[in-house]
Amino acid sequence: MTKQSKFVSPEEAVRAVRAGDWVDYGFGGGFPELLDRALAARRDELSEVKIRGGLVIRPRIEAVECDPEQKAFSYYSWHIGDYERKLQSRGLCRFLPMVLRYLPELYRSHIRVDTAFVPVSQPDGEGYCGLGISNYAWRTIFEQARTVIFEINEQLPTLQGVDGSHRVHLSEADFVVEGAHEPLPIRTYKDPSPIDVQIAEHVVREIPNGATLSLGVGGVPFTVAKLLAQSDLTDLGCHTGTISDAFLALHRAGKLTNRLKEVDAGRSTWNLAMGSQELYNWLQAEPDRFRPGDVDYVHSPERMGRISNFISINGGVQLDLMGQENAESAGSRQLSGTGGQLDFLEGAFRSKGGKGFICLNSSRLDKTGTRKSNIVPFIPGGSTVSAPRSLIEYVATEYGVVRLTGLSLGERAKAMISIAHPDFREELAQYAREHFQ
């Protein structure tokens with residue numbers, strides 16, 4: 001096949017998809033919209049095609065929306081995003097549990113991929129493309145696939161990684177498609193609540209000069225970044241699953257130098273990018289500031305452990321008195337996924353001076369206006385235990401920060417009760433007296 005013959009229309013490319021295939025769409029903001037639309041048009045001639053993706057923030061997946069009876073297409077998600085929660089409520093999204101650092105090995109040894117729809121940036125003069133805003137585990141996936149289709153998206157930033165860590169070549173694809181795309185999907189967050197600010201203030205007091213940060217998405221991590229941008233701390237670094245506007249704020253404040261990192265010194269390390277157009281413009285304008293990498297690289301706890309003062313900050317849904325955490329479900333209803341939280345908790349635990357934080361409001365109001373505690377005696381049946389008690393180091397609520405590492409079950413319960421909402425402390429203490437020494 002000649003180089004030019006690889007360039008085909010999306011309609012021609014998706015002829016490679018066969019009945020019964022597993023088709024991978026990727027993860028996060030990078031999305032193969034032209035191929036998705038072309039595949040949807042084949043609804044009446046295909047059957048039992050299974051699509052895998054995750055953390056989709058687009059308004060719609062055409063192949064899913066065109067087939068609500070799921071005769072041709074069914075959709076599986078590694079990590080439920082905002083749009084996928086809506087699909088889930090309609091019975092159109094099936095959740096696949098996983099820990100993100102193990103995803104490449106799943107593809108290498110345990111699961112099948114037939115066709116990979118890989119979004120890439122516009123190629124340079126030598127035929128090299130960047131992986132845009134979603135490095136993900138793409139190289140592992142398409143090396144296992146029967147058919148590889150690159151979709152060139154002119155909206156994607158063109159960085160390829162200073163050492164080629166974010167680079168693919170047109171020769172690695174069986175087919176290449178191109179065409180006009182919508183603007184990249186934007187991820188925005190509402191202004192922090194007063195409780196978010198209180199929690200963030202507690203956490204910021206625990207962060208030293210020169211710390212390297214992994215910030216999850218959500219109100220508290222973003223507020224931590226804003227407070228750090230206004231603080232006296234200097235020489236902060238980035239080694240994170242998802243780079244976001246939180247890090248752009250630190251950069252603009254002159255705090256994000258990455259100077260003291262023992263790994264990728266001088267550069268921000270990430271796997272996905274998700275945020276504003278200003279964030280994507282920053283990746284395009286200053287590519288030498290970044291070391292985008294695949295999941296095997298970025299999510300390696302061993303690599304994080306070589307970085308001093310590695311600080312991981314993530315949100316939780318519930319924690320129990322032993323320290324077990326539910327980060328992803330409301331009962332059996334999936335809200336998100338485990339993602340990389342376990343990876344970064346372990347990385348912080350391995351780091352000299354590192355700290356892993358789980359942040360949550362101590363309580364919430366349900367639909368009837370009744371206050372419920374987010375610190376519970378035990379994770380209720382049907383809910384997910386996302387992180388074991390043995391891996392939870394620091395927990396922060398609006399009432400303070402406690403460290404659980406090295407504490408007995410009774411001591412853990414006492415610590416957790418001290419940061420619970422006051423309305424629930426006595427009943428939690430009663431449970432602790434009955435069940436823990």
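It should be emphasised that the depicted structure is a prediction, and the values quoted were computed from it without experimental measurement.
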**Prompt:** Heavy-atom count around Tyr102 OH within 6.0 Å, excluding the residue itself: above 12?
**Reply:** no
**Request:** Could you label the plane-to-plane angle of the Phe222 and Tyr189 rings as parallel, tilted or perpendicular, counting under 30° as parallel and over 60° as perpendicular?
**Result:** tilted
**Request:** Scan Leu213, Val204, Leu250 and name whichever one has a side-chain contact (heavy atoms from CB on, under 4.5 Å) with Val224.
**Result:** Val204
**Request:** Would you give the length of the straight line joining atom CG of Asn314 to atom CD of Gln341, rounded to the nearest 0.5 angstrom?
**Result:** 4.5 Å
**Item:** Lys/Arg-Asp/Glu bridge criterion (N-O < 4.0 Å) met for Glu172, Arg139
**Value:** yes
**Asked** Can you check whether Pro292's main-chain N or O pairs, donor with acceptor, with Ser165's side chain at less than 3.5 Å?
**Response** yes
**Message:** Quick one, Glu398 with Ser362, criterion side-chain contact (heavy atoms from CB on, under 4.5 Å). Give me CA distance, side-chain angles, the key distance, then yes/no.
**Reply:** CA-CA 7 Å; Glu398 67 270 33; Ser362 67; 2.6 Å; yes
**Item:** Ring centroid separation Trp270 to Phe247 under 6.0 Å
**Value:** no
**Carboxylate-amine/guanidinium proximity below 4.0 Å for Arg306 and Glu302** = no
**Student check: side-chain heavy atoms of Leu272 and Ile133 closer than 4.5 Å** = no
**Request:** Scan side-chain atoms only and decide if Arg167 and Tyr128 contain a donor-acceptor pair under the 3.5 Å cut-off.
**Result:** no
**Message:** Given 3.5 Å as the limit, does a donor-acceptor pair link the side chain of Gln88 with the main chain of Gln334, or not?
**Reply:** yes
**Request:** Give a yes-or-no answer on whether the side chains of Thr269 and Arg291 include a donor-acceptor pair shorter than 3.5 Å.
**Result:** no
**Request:** Measure the shortest side-chain to side-chain distance between Ile392 and Leu345 over non-hydrogen atoms and say whether it is less than 4.5 angstrom.
**Result:** yes
**Message:** Using the rule salt bridge (Lys or Arg N to Asp or Glu O under 4.0 Å), only one of Arg412, Lys355, Arg403 pairs with Glu393; which is it?
**Reply:** Arg403
**Message:** So, applying side-chain contact (heavy atoms from CB on, under 4.5 Å) with Ile358, which one of Ile313, Leu319, Leu404 is it?
**Reply:** Leu319
**Request:** Report yes or no: does Asp36 contribute a side-chain atom to a donor-acceptor pair with the main-chain N or O of Ala63 at less than 3.5 Å?
**Result:** yes
**Message:** Using modelled atom types and a 3.5 Å cut-off, is there a donor and acceptor pairing between side-chain atoms of Lys261 and backbone atoms of Arg267?
**Reply:** yes
**Prompt:** Just by modelled atom types, is the Ile307 backbone N or O under 3.5 Å from a matching donor or acceptor in the Ser351 side chain?
**Reply:** yes
**Request:** Salt-bridge test for Lys414 and Glu411: reply yes if a basic N is under 4.0 Å from a carboxylate O, no otherwise.
**Result:** no
**Prompt:** Step by step, would you call Asn209 with Leu236 a side-chain contact (heavy atoms from CB on, under 4.5 Å)?
**Reply:** CA-CA 7 Å; Asn209 265 328; Leu236 299 175; 6.0 Å; no
**Request:** Spell out, as yes or no, whether a donor-acceptor pair under 3.5 Å connects the side chain of Asp245 to the backbone of Ser276.
**Result:** yes
**Asked** Does atom CZ of Arg425 have more than 12 heavy-atom neighbours from other groups under 6.0 Å away?
**Response** yes
**Request:** Without swapping roles, check the side chain of Lys6 against the backbone of Ala173 for a donor-acceptor pair under 3.5 Å.
**Result:** yes
**Request:** May I ask you to test the Gln144-Arg112 pair for a side-chain heavy-atom distance under 4.5 Å?
**Result:** no
**Asked** Glu328 and Ser386: side-chain donor and acceptor closer than 3.5 Å?
**Response** yes
**Message:** side-chain contact (heavy atoms from CB on, under 4.5 Å), that's the test. Do Ile311 and Phe344 meet it? Break it down for me.
**Reply:** CA-CA 9 Å; Ile311 308 294; Phe344 290 95; over 6 Å; no
**Prompt:** Can any side-chain N or O of His435 pair as donor or acceptor with the backbone N or O of Tyr431 at less than 3.5 Å?
**Reply:** yes
**Request:** Flag the pair Leu248 / Arg252 as yes when at least one side-chain heavy-atom distance between them is below 4.5 Å, and no otherwise.
**Result:** yes
**Message:** Taking the cut-offs as 6.0 angstrom to the six-membered ring centre and 45 degrees off its axis, would you call Arg52 and Trp78 a cation-pi pair?
**Reply:** no
**Asked** Angle class for the Tyr136/Trp138 ring planes (parallel below 30°, perpendicular above 60°, tilted otherwise)?
**Response** perpendicular
**Message:** Using a strict threshold of under 4.0 Å (side-chain N to carboxylate O), is an ion pair present between Arg108 and Asp296?
**Reply:** yes
**Message:** Can you tell whether the side chains of Glu346 and Arg350 come within less than 4.0 Å, N to carboxylate O?
**Reply:** yes
**Message:** With a 4.5 Å cut-off on side-chain heavy atoms, are Ser329 and Val317 touching?
**Reply:** no
**Request:** Could you point out which residue of Glu182, Glu65, Glu84 forms a salt bridge (Lys or Arg N to Asp or Glu O under 4.0 Å) with Arg58?
**Result:** Glu182
**Asked** Is the shortest heavy-atom distance from the side chain of Gln284 to the side chain of Asn281 under 4.5 Å?
**Response** no
**Asked** Going by an N to O cut-off under 4.0 Å, is there a salt bridge joining Asp235 and Lys255?
**Response** no
**Request:** For the pair Asn258 (side chain) and Ala265 (backbone), establish whether a donor and an acceptor sit closer than 3.5 Å, ignoring hydrogens and angles.
**Result:** no
**Request:** Determine, for Asp174 against Arg146, whether the closest basic-nitrogen to carboxylate-oxygen distance falls under 4.0 angstrom.
**Result:** no
**Request:** Look only at the side chain of Asp320 and the backbone of Val376, and say whether a donor-acceptor pair between them is shorter than 3.5 Å.
**Result:** no
**Request:** Answer yes if the side chains of Glu154 and His181 hold a donor-acceptor pair under 3.5 Å, and no otherwise.
**Result:** yes
**Item:** salt_bridge(Arg364, Asp366) N-O dist < 4.0 Å
**Value:** no
**Prompt:** Would the number of heavy atoms belonging to other residues, nucleotides or ligands and lying under 6.0 Å from CZ of Phe95 be above 12?
**Reply:** yes
**Request:** Report the distance from atom NE2 of His79 to atom CG of Leu103, rounding to the nearest 0.5 Å.
**Result:** 12.5 Å
**Prompt:** Got Thr158 and Asp124 here, is their nearest side-chain heavy-atom distance under 4.5 Å?
**Reply:** no
**Item:** Proximity of Phe290 and His166 rings by center, below 6.0 Å
**Value:** no
**Message:** Just checking Tyr25 against Phe31, ring centres under 6.0 Å apart?
**Reply:** yes
**Request:** Compute whether any side-chain donor of one residue and acceptor of the other, for Thr370 and Thr368, lie under 3.5 angstrom apart.
**Result:** yes
